Number of protein chains: 2
Amino acid sequence: MNYDETREEFIQVWGSLASSWGVSKTMASIHAYLLSSAEPKTTDDIMSDLQISRGNANMNVRALVDWGLVRKVSIAGERMDHYEADKDVHSFAPKIARERRKRELEPIIEQLKSLRKVEGRTAEAKELKKTLGGIYDFAMLGDQFLRRYIQGEKGWLTRTLSKLLK
Amino acid sequence: MNYDETREEFIQVWGSLASSWGVSKTMASIHAYLLSSAEPKTTDDIMSDLQISRGNANMNVRALVDWGLVRKVSIAGERMDHYEADKDVHSFAPKIARERRKRELEPIIEQLKSLRKVEGRTAEAKELKKTLGGIYDFAMLGDQFLRRYIQGEKGWLTRTLSKLLK
DNA sequence: CAGTATTTTCAAAAATTATTGAAATTATTG
DNA sequence: CAATAATTTCAATAATTTTTGAAAATACTG
(Lines give C-alpha, C1' and ligand atoms only; values in the text may rest on other atoms or scores of the structure.)
Protein backbone atom coordinates (compact mmCIF):
# COMPACT_ATOMS: atom_id res chain seq x y z
CA MET A 1 0.00 0.00 0.00
CA ASN A 2 1.50 3.31 -1.07
CA TYR A 3 1.49 6.79 0.39
CA ASP A 4 -1.69 8.06 -1.25
CA GLU A 5 -3.72 4.93 -0.58
CA THR A 6 -2.61 4.89 3.04
CA ARG A 7 -3.50 8.52 3.49
CA GLU A 8 -6.92 8.09 1.99
CA GLU A 9 -7.72 5.10 4.12
CA PHE A 10 -6.38 6.77 7.24
CA ILE A 11 -8.58 9.81 6.63
CA GLN A 12 -11.60 7.61 6.07
CA VAL A 13 -11.00 5.47 9.17
CA TRP A 14 -10.32 8.43 11.42
CA GLY A 15 -13.48 10.08 10.12
CA SER A 16 -15.72 7.07 10.51
CA LEU A 17 -14.65 6.67 14.11
CA ALA A 18 -15.33 10.30 14.86
CA SER A 19 -18.86 9.82 16.12
CA SER A 20 -17.80 7.37 18.78
CA TRP A 21 -15.08 9.81 19.78
CA GLY A 22 -17.52 12.64 20.24
CA VAL A 23 -16.28 14.89 17.47
CA SER A 24 -17.77 15.62 14.08
CA LYS A 25 -16.76 13.47 11.14
CA THR A 26 -15.27 16.44 9.36
CA MET A 27 -13.17 17.50 12.32
CA ALA A 28 -11.64 14.05 12.51
CA SER A 29 -11.14 13.85 8.75
CA ILE A 30 -9.34 17.18 8.67
CA HIS A 31 -7.21 16.08 11.58
CA ALA A 32 -6.23 12.91 9.74
CA TYR A 33 -5.65 14.89 6.56
CA LEU A 34 -3.24 17.25 8.29
CA LEU A 35 -1.62 14.45 10.30
CA SER A 36 -0.79 12.76 7.03
CA SER A 37 0.33 15.88 5.14
CA ALA A 38 3.99 16.60 4.71
CA GLU A 39 3.33 20.30 4.20
CA PRO A 40 1.01 22.82 5.87
CA LYS A 41 -2.29 23.14 4.01
CA THR A 42 -4.73 25.95 3.30
CA THR A 43 -8.49 25.94 3.75
CA ASP A 44 -8.75 25.63 -0.04
CA ASP A 45 -6.60 22.50 -0.02
CA ILE A 46 -8.79 20.99 2.65
CA MET A 47 -11.97 21.92 0.78
CA SER A 48 -10.90 20.42 -2.49
CA ASP A 49 -9.15 17.32 -1.15
CA LEU A 50 -11.88 16.48 1.35
CA GLN A 51 -14.74 17.76 -0.82
CA ILE A 52 -16.37 19.91 1.83
CA SER A 53 -17.73 23.43 1.96
CA ARG A 54 -15.76 26.47 3.02
CA GLY A 55 -17.88 27.06 6.11
CA ASN A 56 -17.44 23.49 7.24
CA ALA A 57 -13.69 23.55 6.64
CA ASN A 58 -13.33 26.83 8.48
CA MET A 59 -15.38 25.80 11.52
CA ASN A 60 -13.62 22.51 11.99
CA VAL A 61 -10.11 23.79 11.42
CA ARG A 62 -10.80 26.37 14.06
CA ALA A 63 -12.03 23.71 16.45
CA LEU A 64 -8.82 21.77 15.86
CA VAL A 65 -6.82 24.92 16.58
CA ASP A 66 -8.88 25.50 19.73
CA TRP A 67 -8.13 21.98 20.90
CA GLY A 68 -4.44 22.63 20.23
CA LEU A 69 -4.15 19.79 17.72
CA VAL A 70 -3.40 22.05 14.77
CA ARG A 71 -1.56 25.35 14.50
CA LYS A 72 -1.67 28.18 12.03
CA VAL A 73 1.63 28.76 10.23
CA SER A 74 2.61 31.49 7.81
CA ILE A 75 4.33 30.65 4.59
CA ALA A 76 6.53 33.43 3.23
CA GLY A 77 4.97 35.07 0.21
CA GLU A 78 1.60 33.36 0.60
CA ARG A 79 -1.44 35.20 1.76
CA MET A 80 -3.70 32.40 2.82
CA ASP A 81 -3.42 30.86 6.27
CA HIS A 82 -1.73 27.49 6.36
CA TYR A 83 -2.44 24.81 8.93
CA GLU A 84 -0.24 22.08 10.28
CA ALA A 85 -1.00 19.26 12.70
CA ASP A 86 1.03 18.36 15.73
CA LYS A 87 2.18 14.89 14.66
CA ASP A 88 3.61 13.63 17.90
CA VAL A 89 1.01 11.49 19.62
CA HIS A 90 2.64 12.06 22.99
CA SER A 91 2.08 15.73 22.47
CA PHE A 92 -1.43 15.76 20.97
CA ALA A 93 -3.06 12.93 22.92
CA PRO A 94 -2.96 14.85 26.22
CA LYS A 95 -4.73 17.71 24.48
CA ILE A 96 -7.52 15.40 23.39
CA ALA A 97 -7.62 14.04 26.94
CA ARG A 98 -7.95 17.57 28.27
CA GLU A 99 -10.95 18.38 26.09
CA ARG A 100 -12.67 15.08 26.73
CA ARG A 101 -12.10 15.34 30.45
CA LYS A 102 -13.69 18.76 30.40
CA ARG A 103 -16.73 17.57 28.50
CA GLU A 104 -17.22 14.04 29.79
CA LEU A 105 -15.87 13.91 33.31
CA GLU A 106 -15.90 17.36 34.86
CA PRO A 107 -19.68 17.90 34.66
CA ILE A 108 -20.39 14.53 36.29
CA ILE A 109 -18.03 15.29 39.13
CA GLU A 110 -19.49 18.73 39.66
CA GLN A 111 -22.99 17.35 39.93
CA LEU A 112 -22.15 14.30 42.00
CA LYS A 113 -20.31 16.47 44.48
CA SER A 114 -23.64 17.78 45.73
CA LEU A 115 -25.94 14.90 44.80
CA ARG A 116 -24.02 12.41 46.93
CA LYS A 117 -25.06 14.40 49.99
CA VAL A 118 -28.65 13.22 49.60
CA GLU A 119 -30.59 13.63 52.84
CA GLY A 120 -32.81 11.09 54.52
CA ARG A 121 -32.57 8.23 56.96
CA THR A 122 -34.59 5.73 54.94
CA ALA A 123 -32.92 2.60 53.61
CA GLU A 124 -33.33 3.76 50.03
CA ALA A 125 -31.77 7.16 50.73
CA LYS A 126 -28.82 5.47 52.38
CA GLU A 127 -28.36 3.12 49.47
CA LEU A 128 -28.52 5.93 46.95
CA LYS A 129 -25.98 7.86 48.96
CA LYS A 130 -23.67 4.89 48.85
CA THR A 131 -24.12 4.38 45.10
CA LEU A 132 -23.54 8.04 44.25
CA GLY A 133 -20.64 8.29 46.68
CA GLY A 134 -19.00 5.28 45.08
CA ILE A 135 -19.34 6.73 41.61
CA TYR A 136 -18.04 10.08 42.83
CA ASP A 137 -14.95 8.62 44.45
CA PHE A 138 -14.19 6.58 41.38
CA ALA A 139 -14.67 9.57 39.09
CA MET A 140 -12.38 11.64 41.30
CA LEU A 141 -9.65 9.06 41.09
CA GLY A 142 -9.90 9.00 37.29
CA ASP A 143 -9.89 12.76 37.31
CA GLN A 144 -6.69 12.99 39.32
CA PHE A 145 -5.03 10.55 36.98
CA LEU A 146 -6.15 12.46 33.92
CA ARG A 147 -5.06 15.80 35.37
CA ARG A 148 -1.63 14.41 36.06
CA TYR A 149 -1.40 13.14 32.50
CA ILE A 150 -2.71 16.31 30.94
CA GLN A 151 -0.30 18.70 32.61
CA GLY A 152 2.50 16.32 33.32
CA GLU A 153 5.83 15.87 31.60
CA LYS A 154 5.76 14.24 28.24
CA GLY A 155 6.91 10.71 28.92
CA TRP A 156 5.05 10.20 32.18
CA LEU A 157 2.08 8.17 31.03
CA THR A 158 4.01 5.91 28.70
CA ARG A 159 6.71 5.29 31.27
CA THR A 160 4.19 4.62 34.02
CA LEU A 161 2.00 2.30 31.99
CA SER A 162 4.93 0.40 30.55
CA LYS A 163 6.25 -0.25 34.02
CA LEU A 164 2.78 -1.17 35.23
CA LEU A 165 2.14 -3.71 32.51
CA LYS A 166 5.55 -5.31 32.44
CA MET B 1 -32.03 17.79 48.93
CA ASN B 2 -34.16 14.71 49.51
CA TYR B 3 -34.30 11.29 47.92
CA ASP B 4 -36.76 12.09 45.13
CA GLU B 5 -35.12 15.36 44.15
CA THR B 6 -31.71 13.74 44.11
CA ARG B 7 -32.96 10.88 41.97
CA GLU B 8 -34.60 13.17 39.48
CA GLU B 9 -31.55 15.32 39.13
CA PHE B 10 -29.25 12.33 38.84
CA ILE B 11 -31.39 10.88 36.05
CA GLN B 12 -31.41 14.18 34.24
CA VAL B 13 -27.64 14.71 34.58
CA TRP B 14 -26.76 11.17 33.55
CA GLY B 15 -29.05 11.53 30.55
CA SER B 16 -27.76 14.89 29.42
CA LEU B 17 -24.22 13.60 29.47
CA ALA B 18 -25.13 10.56 27.44
CA SER B 19 -24.31 12.04 24.06
CA SER B 20 -20.75 12.80 25.05
CA TRP B 21 -20.47 9.26 26.39
CA GLY B 22 -21.57 7.71 23.13
CA VAL B 23 -24.82 6.20 24.34
CA SER B 24 -28.37 7.30 23.74
CA LYS B 25 -29.99 9.68 26.17
CA THR B 26 -32.65 7.15 27.06
CA MET B 27 -30.15 4.40 27.73
CA ALA B 28 -28.32 6.61 30.19
CA SER B 29 -31.55 7.81 31.81
CA ILE B 30 -32.76 4.28 32.37
CA HIS B 31 -29.39 3.35 33.78
CA ALA B 32 -29.57 6.25 36.24
CA TYR B 33 -33.17 5.38 37.03
CA LEU B 34 -32.26 1.81 37.92
CA LEU B 35 -29.06 2.83 39.71
CA SER B 36 -31.17 5.00 41.97
CA SER B 37 -34.00 2.51 42.50
CA ALA B 38 -34.16 0.52 45.68
CA GLU B 39 -36.28 -2.18 44.04
CA PRO B 40 -36.16 -3.88 40.64
CA LYS B 41 -38.42 -2.17 38.10
CA THR B 42 -40.57 -3.29 35.20
CA THR B 43 -40.71 -1.86 31.70
CA ASP B 44 -44.02 -0.27 32.68
CA ASP B 45 -42.40 1.48 35.63
CA ILE B 46 -39.68 2.82 33.36
CA MET B 47 -42.20 3.94 30.76
CA SER B 48 -44.35 5.85 33.20
CA ASP B 49 -41.60 7.31 35.37
CA LEU B 50 -39.40 8.34 32.46
CA GLN B 51 -42.29 9.16 30.10
CA ILE B 52 -41.04 7.16 27.16
CA SER B 53 -42.57 4.68 24.76
CA ARG B 54 -42.64 0.94 25.21
CA GLY B 55 -40.42 0.30 22.22
CA ASN B 56 -37.85 2.76 23.43
CA ALA B 57 -37.86 1.37 26.95
CA ASN B 58 -37.55 -2.19 25.67
CA MET B 59 -34.68 -1.46 23.26
CA ASN B 60 -32.63 0.45 25.77
CA VAL B 61 -33.17 -1.91 28.68
CA ARG B 62 -31.99 -4.68 26.45
CA ALA B 63 -28.90 -2.70 25.50
CA LEU B 64 -28.16 -2.20 29.20
CA VAL B 65 -28.55 -5.94 29.75
CA ASP B 66 -26.25 -6.61 26.78
CA TRP B 67 -23.63 -4.33 28.26
CA GLY B 68 -23.96 -6.17 31.57
CA LEU B 69 -24.99 -3.06 33.48
CA VAL B 70 -28.47 -4.32 34.29
CA ARG B 71 -29.84 -7.79 34.94
CA LYS B 72 -33.26 -9.32 34.66
CA VAL B 73 -34.65 -10.59 37.95
CA SER B 74 -37.82 -12.53 38.65
CA ILE B 75 -40.09 -11.46 41.42
CA ALA B 76 -42.15 -14.29 42.92
CA GLY B 77 -45.78 -14.04 41.88
CA GLU B 78 -45.19 -11.34 39.28
CA ARG B 79 -45.37 -12.01 35.59
CA MET B 80 -43.55 -9.04 34.19
CA ASP B 81 -39.78 -8.98 33.90
CA HIS B 82 -38.05 -6.86 36.51
CA TYR B 83 -34.74 -5.14 35.97
CA GLU B 84 -32.07 -4.19 38.45
CA ALA B 85 -28.82 -2.28 37.98
CA ASP B 86 -25.43 -3.36 39.19
CA LYS B 87 -24.78 -0.56 41.69
CA ASP B 88 -21.14 -1.16 42.43
CA VAL B 89 -19.08 1.18 40.29
CA HIS B 90 -16.06 -1.10 40.59
CA SER B 91 -18.15 -3.80 39.03
CA PHE B 92 -20.00 -1.88 36.31
CA ALA B 93 -17.29 0.56 35.21
CA PRO B 94 -15.12 -2.20 33.69
CA LYS B 95 -18.13 -3.30 31.66
CA ILE B 96 -18.52 0.18 30.24
CA ALA B 97 -14.79 0.21 29.57
CA ARG B 98 -15.11 -3.11 27.73
CA GLU B 99 -17.81 -1.81 25.40
CA ARG B 100 -16.10 1.50 24.76
CA ARG B 101 -12.79 -0.20 24.10
CA LYS B 102 -14.49 -2.43 21.56
CA ARG B 103 -16.13 0.47 19.77
CA GLU B 104 -13.56 3.25 20.12
CA LEU B 105 -10.16 1.65 20.33
CA GLU B 106 -10.20 -1.78 18.73
CA PRO B 107 -11.13 -0.60 15.22
CA ILE B 108 -8.38 2.02 15.21
CA ILE B 109 -5.79 -0.52 16.25
CA GLU B 110 -6.95 -3.02 13.65
CA GLN B 111 -6.62 -0.47 10.88
CA LEU B 112 -3.38 1.09 12.04
CA LYS B 113 -1.80 -2.33 12.25
CA SER B 114 -1.68 -2.44 8.46
CA LEU B 115 -1.64 1.26 7.62
CA ARG B 116 1.57 1.88 9.56
CA LYS B 117 3.36 -0.37 7.06
CA VAL B 118 2.98 2.26 4.36
CA GLU B 119 5.45 1.68 1.53
CA GLY B 120 7.71 4.19 -0.14
CA ARG B 121 11.11 5.73 0.33
CA THR B 122 10.07 9.35 -0.07
CA ALA B 123 10.41 11.73 2.84
CA GLU B 124 6.65 12.09 3.11
CA ALA B 125 6.09 8.33 3.21
CA LYS B 126 8.68 7.98 5.93
CA GLU B 127 7.12 10.74 7.97
CA LEU B 128 3.65 9.24 7.64
CA LYS B 129 5.02 5.88 8.69
CA LYS B 130 6.49 7.47 11.78
CA THR B 131 3.26 9.30 12.64
CA LEU B 132 1.05 6.26 12.20
CA GLY B 133 3.52 4.03 14.01
CA GLY B 134 3.58 6.41 16.95
CA ILE B 135 -0.19 6.48 17.17
CA TYR B 136 -0.32 2.69 16.88
CA ASP B 137 2.19 2.10 19.66
CA PHE B 138 0.37 4.52 21.91
CA ALA B 139 -2.99 2.93 21.16
CA MET B 140 -1.55 -0.51 21.90
CA LEU B 141 -0.28 0.63 25.25
CA GLY B 142 -3.69 2.02 26.17
CA ASP B 143 -5.25 -1.17 24.93
CA GLN B 144 -3.11 -3.37 27.13
CA PHE B 145 -3.94 -1.22 30.11
CA LEU B 146 -7.65 -1.38 29.37
CA ARG B 147 -7.59 -5.13 28.83
CA ARG B 148 -5.92 -5.61 32.14
CA TYR B 149 -8.53 -3.46 33.83
CA ILE B 150 -11.45 -5.10 32.07
CA GLN B 151 -10.63 -8.67 32.94
CA GLY B 152 -8.62 -8.05 36.05
CA GLU B 153 -9.46 -8.51 39.68
CA LYS B 154 -11.81 -6.01 41.14
CA GLY B 155 -9.58 -3.71 43.13
CA TRP B 156 -6.68 -3.58 40.68
CA LEU B 157 -7.30 -0.23 39.00
CA THR B 158 -8.16 1.64 42.17
CA ARG B 159 -5.22 0.21 44.03
CA THR B 160 -2.84 0.92 41.17
CA LEU B 161 -4.00 4.46 40.56
CA SER B 162 -4.06 5.32 44.26
CA LYS B 163 -0.47 4.17 44.61
CA LEU B 164 0.50 6.00 41.43
CA LEU B 165 -0.96 9.31 42.50
CA LYS B 166 0.17 9.24 46.11
C1' DC C 1 -8.27 54.74 0.92
C1' DA C 2 -10.39 51.75 -2.71
C1' DG C 3 -10.22 47.39 -4.38
C1' DT C 4 -9.53 42.66 -3.71
C1' DA C 5 -8.54 38.56 -1.10
C1' DT C 6 -9.51 35.92 2.82
C1' DT C 7 -12.00 34.47 6.74
C1' DT C 8 -16.07 34.14 9.53
C1' DT C 9 -20.86 33.77 10.51
C1' DC C 10 -25.25 31.77 10.52
C1' DA C 11 -29.97 30.66 8.69
C1' DA C 12 -31.60 27.12 5.85
C1' DA C 13 -31.13 22.39 4.13
C1' DA C 14 -29.44 17.82 4.51
C1' DA C 15 -28.01 13.93 6.95
C1' DT C 16 -28.03 11.27 10.83
C1' DT C 17 -29.80 9.32 14.95
C1' DA C 18 -33.44 8.43 18.31
C1' DT C 19 -38.25 7.60 19.42
C1' DT C 20 -42.91 6.24 18.77
C1' DG C 21 -46.62 3.12 18.57
C1' DA C 22 -49.05 -0.38 16.60
C1' DA C 23 -48.63 -4.99 14.69
C1' DA C 24 -46.29 -9.36 15.11
C1' DT C 25 -44.26 -12.61 17.96
C1' DT C 26 -43.50 -15.15 22.01
C1' DA C 27 -44.61 -16.70 26.68
C1' DT C 28 -47.81 -17.79 30.32
C1' DT C 29 -52.14 -19.28 32.49
C1' DG C 30 -56.13 -21.95 33.41
C1' DC D 1 -55.31 -25.38 23.42
C1' DA D 2 -57.55 -20.90 23.55
C1' DA D 3 -57.26 -16.70 25.74
C1' DT D 4 -54.53 -13.27 27.58
C1' DA D 5 -50.29 -11.04 28.94
C1' DA D 6 -45.80 -9.57 27.93
C1' DT D 7 -42.17 -8.63 24.83
C1' DT D 8 -40.06 -7.54 20.50
C1' DT D 9 -39.75 -5.57 16.03
C1' DC D 10 -39.60 -2.03 12.74
C1' DA D 11 -41.52 1.43 9.41
C1' DA D 12 -42.84 6.00 10.05
C1' DT D 13 -41.96 10.22 12.43
C1' DA D 14 -39.52 13.37 15.30
C1' DA D 15 -35.49 15.38 17.21
C1' DT D 16 -30.88 16.44 16.86
C1' DT D 17 -26.66 17.34 14.70
C1' DT D 18 -23.93 18.52 10.79
C1' DT D 19 -23.14 20.79 6.51
C1' DT D 20 -23.83 24.13 3.02
C1' DG D 21 -23.26 28.41 0.77
C1' DA D 22 -23.91 33.02 0.33
C1' DA D 23 -23.61 37.36 2.80
C1' DA D 24 -21.06 39.98 6.18
C1' DA D 25 -16.93 41.09 8.28
C1' DT D 26 -12.12 41.47 8.40
C1' DA D 27 -7.45 41.77 6.54
C1' DC D 28 -4.33 42.80 3.17
C1' DT D 29 -2.13 45.41 -1.02
C1' DG D 30 -0.79 49.00 -3.90
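In the text below, chain A, chain B and the rest are named by the order of the sequence lines, each starting its count at 1. Predicted model, so just to flag it, every value in this text is computed and none were measured.
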### Basic-acidic side-chain contact under 4.0 Å: B:Arg100, B:Glu104
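Looking at B:Glu104 together with B:Arg100, the answer is yes, because their closest N to O distance falls below 4.0 Å.
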### Task
Decide whether B:Thr26 and B:Asn60 meet the rule of one side-chain donor and one side-chain acceptor closer than 3.5 Å.
no
Per [X] side chain, nearest of listed nucleotides [options]:
X: B:Ser53; options: C:dT19, D:dT19, D:dT7; answer: C:dT19
X: A:Ile52; options: D:dT20, D:dT7, C:dT6; answer: D:dT20
X: A:Thr26; options: C:dT7, D:dT20, D:dT19; answer: D:dT19

#### Entry: Pair B:Lys41-B:Glu78, salt bridge (Lys or Arg N to Asp or Glu O under 4.0 Å): steps then yes or no
CA-CA 11 Å; B:Lys41 298 289 189 177; B:Glu78 303 246 356; over 6 Å; no
### Task
Just name whichever nucleotide pairs with D:dA6, Watson-Crick or G-U, keeping both distances under 3.5 Å, else none.
C:dT25
## Note on the structure
Closest to the 5' end of DNA chain D, once A:Ala57 and B:Arg54 are matched to their nearest nucleotides, is B:Arg54
In whole angstrom, what separates [X]'s [atom1] from [N]'s [atom2]?
X: B:Asn56; N: D:dA14; atom1: CG; atom2: P; result: 15 Å
X: B:Lys72; N: C:dA27; atom1: NZ; atom2: C1'; result: 11 Å
X: A:Asp44; N: C:dT8; atom1: CG; atom2: P; result: 13 Å
X: B:Ile75; N: D:dA6; atom1: CD1; atom2: C1'; result: 16 Å
X: A:Gln51; N: D:dT19; atom1: CD; atom2: P; result: 14 Å
X: A:His82; N: C:dA5; atom1: NE2; atom2: C1'; result: 14 Å
X: B:Ile30; N: C:dT19; atom1: CD1; atom2: C1'; result: 12 Å
X: B:Arg62; N: C:dT25; atom1: CZ; atom2: C1'; result: 13 Å

#### Entry: Side-chain heavy atoms of A:Arg101 within contact of A:Arg147, under 4.5 Å
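The answer is yes; the side chains approach within 4.5 Å.
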### Query
Taking the side chain as C-beta and beyond, is there a heavy-atom pair between B:Leu35 and B:Phe92 under 4.5 Å?
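Side-chain contact under 4.5 Å: yes.
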### Query
For C:dT19, does either OP1 or OP2 sit under 4.0 Å from a side-chain N or O belonging to B:Ser24?
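So the side chain of B:Ser24 is within the cut-off, an N or O lying under 4.0 Å from OP1 or OP2 of C:dT19.
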### Message
Side-chain N or O of B:Asn58 versus OP1/OP2 of D:dT7: is the shortest distance under 4.0 Å?
### Response
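Answer no for this pair, as no side-chain N or O of B:Asn58 is under 4.0 Å from OP1 or OP2.
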### Query
Mapping A:Arg79 and A:Met59 to their closest nucleotides on DNA chain C, which lands nearer the 5' end?
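Whichever sits nearer the 5' end wins; that is A:Arg79.
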